[in-house]
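In what follows, a structure is listed as structure tokens, so that the remarks can point back to it.
On a predicted model such as this, the values are computed, not experimentally measured, just so you know.
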Amino acid sequence: MAVSDPALASLVDRIRVAAAAGQPLCIRGGGTKDFYGGAPIGEPLDMRALAGISRYEPSELVVSVRAGTPLAELEAALAEKNQCLAFEPPRFDEGGTVGGMVAAGLAGPARLSMGGVRDYLLGATMINGRGEVLSFGGQVMKNVAGYDLSRVLAGSLGVLGVIAEVSLKVLPMPRAVATLRLELDAGSAIRRVNELLGQPLPLNASAWWDGMLVLRLAGAEAAVKSALQSLGGERVVPAMADPFWLGLRDHRDEFFVGAARAVDTGAALWRLSVPAVSPPLKLSGEQLVEWGGAQRWICTSAPAATLREAAAAAGGHAVLFRARDKAGGSFAALPPALQRVHAGLKKSFDPAGIFNPGRLVPGL
């Protein structure tokens, strides 16, 4: 991207002025993830003018897109070519942008089998805290070998710099999709999914809640048909299955609607990342298990320390996803050595500390 581009040049000017004045900037697209991480601080830096698909080569399975582009617009363009973002980025509301998708680093139900945002990020152009436009990675798969700094941006919540453009790997939509449900308790469901993951099955997504395990199969027609015959359970018709998976992706299904009501009355929604084979966590509150057991959603009034200790004991970590009070921080404190690494990256990319201060962890 050339700095002569008016939208990019405007952002560069704003950043240089802010850096000189030590003025914090809150990088913002559609604002659909303002709730995630630490509270937004600083003057809004609106990214929506920097929009549009720069390059799309369906035959190469690569798209380059500006950060302010609405996510819905990108996915519609891909759908016209029967392609998709395989990691199913969630839309918590209308207006989410591609830059926010990468900065948040969140993935939907298909994360179980397809990987996350970072796995599909081929390259990126960003603006650092000096107002310099930097490019990392490439625009085709063969150019992305070894360590790639663009992938550090995925999940960074904007603390390193302003994402201006990204190149993403896309995939064809699966030819066949089917959903099954089985009545199982949490422990049996976790064991069952992990057994299935060790078999050559087109298992694409899983979710367990309230005694019911739901599995989504996706892939070649023959593979899905064979799996349906061997797995048993009750097949869910597409008219019910499709809204379920979309609701799970976008946090609009029954579990998350109930969690939102509970958060309004003082509870909190936690996201725990643990080894998939971990047995059910003995914590109070409603729980929903995704990704074969690797992602556990818990809506509870239990103290933060209880959640973080339980996650750590299982070999994982806990994130305070939604709450009225996040005074204790959204993310667990980093070990000193890792904190130094993060601080070093922040200093290198954003020496004046103006980008999204405190959004990821305190002090960054």
Go through the steps for Ile27 and Ile163 under the test side-chain contact (heavy atoms from CB on, under 4.5 Å), then give the verdict.
-> CA-CA 9 Å; Ile27 307 166; Ile163 299 171; over 6 Å; no
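- Aromatic ring centres of Phe355 and Phe349: separated by at least 6.0 Å.
- Taking the charged nitrogens against the carboxylate oxygens, Glu60 and Lys169 have no contact shorter than 4.0 Å, which rules out a salt bridge.
- Applying the side chain to side chain donor-acceptor pair (under 3.5 Å) rule to pairs touching residues 19-35 yields Arg28-Asp34, sequence neighbours excluded.
- In plain terms, the two heavy atoms of Leu106 and Val117 that are nearest each other are O-CG2, 3.5 Å.
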Passes side-chain contact (heavy atoms from CB on, under 4.5 Å), Thr97 versus Leu71? Steps please.
-> CA-CA 5 Å; Thr97 61; Leu71 178 56; over 6 Å; no
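- Closest of all the heavy-atom pairs between Ala302 and Leu307 is CB-CD2, 3.8 Å.
- The two residues Trp291 and Ala107 come nearest to each other via the heavy atoms CZ2-O, 3.6 Å.
- Scanning for ring pair (Phe, Tyr, Trp, His ring centres under 6.0 Å) contacts around Trp209 gives Phe255, with sequence neighbours left out.
- In this view, Tyr36 and Phe321, Phe331 satisfy the ring pair (Phe, Tyr, Trp, His ring centres under 6.0 Å) rule, not counting sequence neighbours.
- Side-chain contact check for Val62 versus Leu168: every heavy-atom pair is 4.5 Å or farther apart.
- Arg216 pairs by the salt bridge (Lys or Arg N to Asp or Glu O under 4.0 Å) definition with Glu88, not counting sequence neighbours.
- Rounded to the nearest 0.5 Å, atoms CG (Leu25) and CG (Asn356) are 8.5 Å apart.
- Applying the side chain to side chain donor-acceptor pair (under 3.5 Å) rule to Glu75 yields the partners Arg91; only residues at least two apart in sequence or on another chain are considered.
- Asp185 and Ser188 share a donor-acceptor pair across their side chains, judged by distance under 3.5 Å alone.
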Before giving the answer on side-chain contact (heavy atoms from CB on, under 4.5 Å), spell out for Arg55 and Glu57 the whole-Å C-alpha distance, their side-chain angles and the decisive distance to 0.1 Å.
-> CA-CA 7 Å; Arg55 175 177 177 267; Glu57 298 292 343; 3.6 Å; yes
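- Between the Ser10 side chain and the Ala7 main chain, no donor and acceptor come within less than 3.5 Å of each other.
- Summarising the local packing, CD of Gln199 is surrounded by more than 12 heavy atoms from other residues, nucleotides or ligands at distances under 6.0 Å.
- By the side chain to side chain contact (heavy atoms under 4.5 Å, CB included) test, Arg181 pairs with Met212, Val214, Glu234, Val236, Met240, sequence neighbours left out.
- Atom NZ of Lys81 sits in a sparse spot, with 12 or fewer heavy atoms from other residues, nucleotides or ligands closer than 6.0 Å.
- Evaluation of the side chain to side chain donor-acceptor pair (under 3.5 Å) test over residues 238-265, restricted to residues two or more places apart or in two chains, returns Thr179-Trp245.
- A donor atom on one side chain and an acceptor atom on the other are found under 3.5 Å apart for Tyr56 and Gln83.
- Remark: Ala276 engages Asn194, Ala294 in a side chain to side chain contact (heavy atoms under 4.5 Å, CB included) (not counting sequence neighbours).
- Every pair passing side chain to side chain donor-acceptor pair (under 3.5 Å) that includes a residue from residues 104-122 is listed here, sequence neighbours excluded: Ser113-Asn204.
- Contacts of Thr69 classified as side chain to side chain contact (heavy atoms under 4.5 Å, CB included), with partners at least two apart in sequence or in another chain: Ala51, Val65, Arg66, Glu73, Val98.
- Separating the CG atom in Leu215 from the CG atom in Leu180 is a distance of 6.0 Å, to the nearest 0.5 Å.
- Screening residues 333-354 for side chain to side chain donor-acceptor pair (under 3.5 Å), with sequence neighbours left out, gives Lys346-Asp350.
- Minimum heavy-atom separation, Leu121 to Arg151: O-NE, 3.2 Å.
- Listed by chain and number, the residues in a side chain to side chain contact (heavy atoms under 4.5 Å, CB included) with Val263 are Leu269, Arg322, Arg324 (sequence neighbours excluded).
- A donor atom on one side chain and an acceptor atom on the other are found under 3.5 Å apart for Glu165 and Ser54.
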Between Ile15 and Val162, is a side-chain contact (heavy atoms from CB on, under 4.5 Å) present by the stated rule, with each step listed?
-> CA-CA 9 Å; Ile15 290 166; Val162 176; 3.8 Å; yes
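- Scanning both residues, Pro109 and Leu248, for their nearest heavy atoms gives CG-CD2, 3.9 Å.
- Around atom CD of Glu183, no more than 12 heavy atoms belonging to other residues, nucleotides or ligands sit under 6.0 Å away.
- In summary, the side chains of Arg296 and Gln287 do not present any donor paired with an acceptor at a separation below 3.5 Å, with no hydrogens or angles considered.
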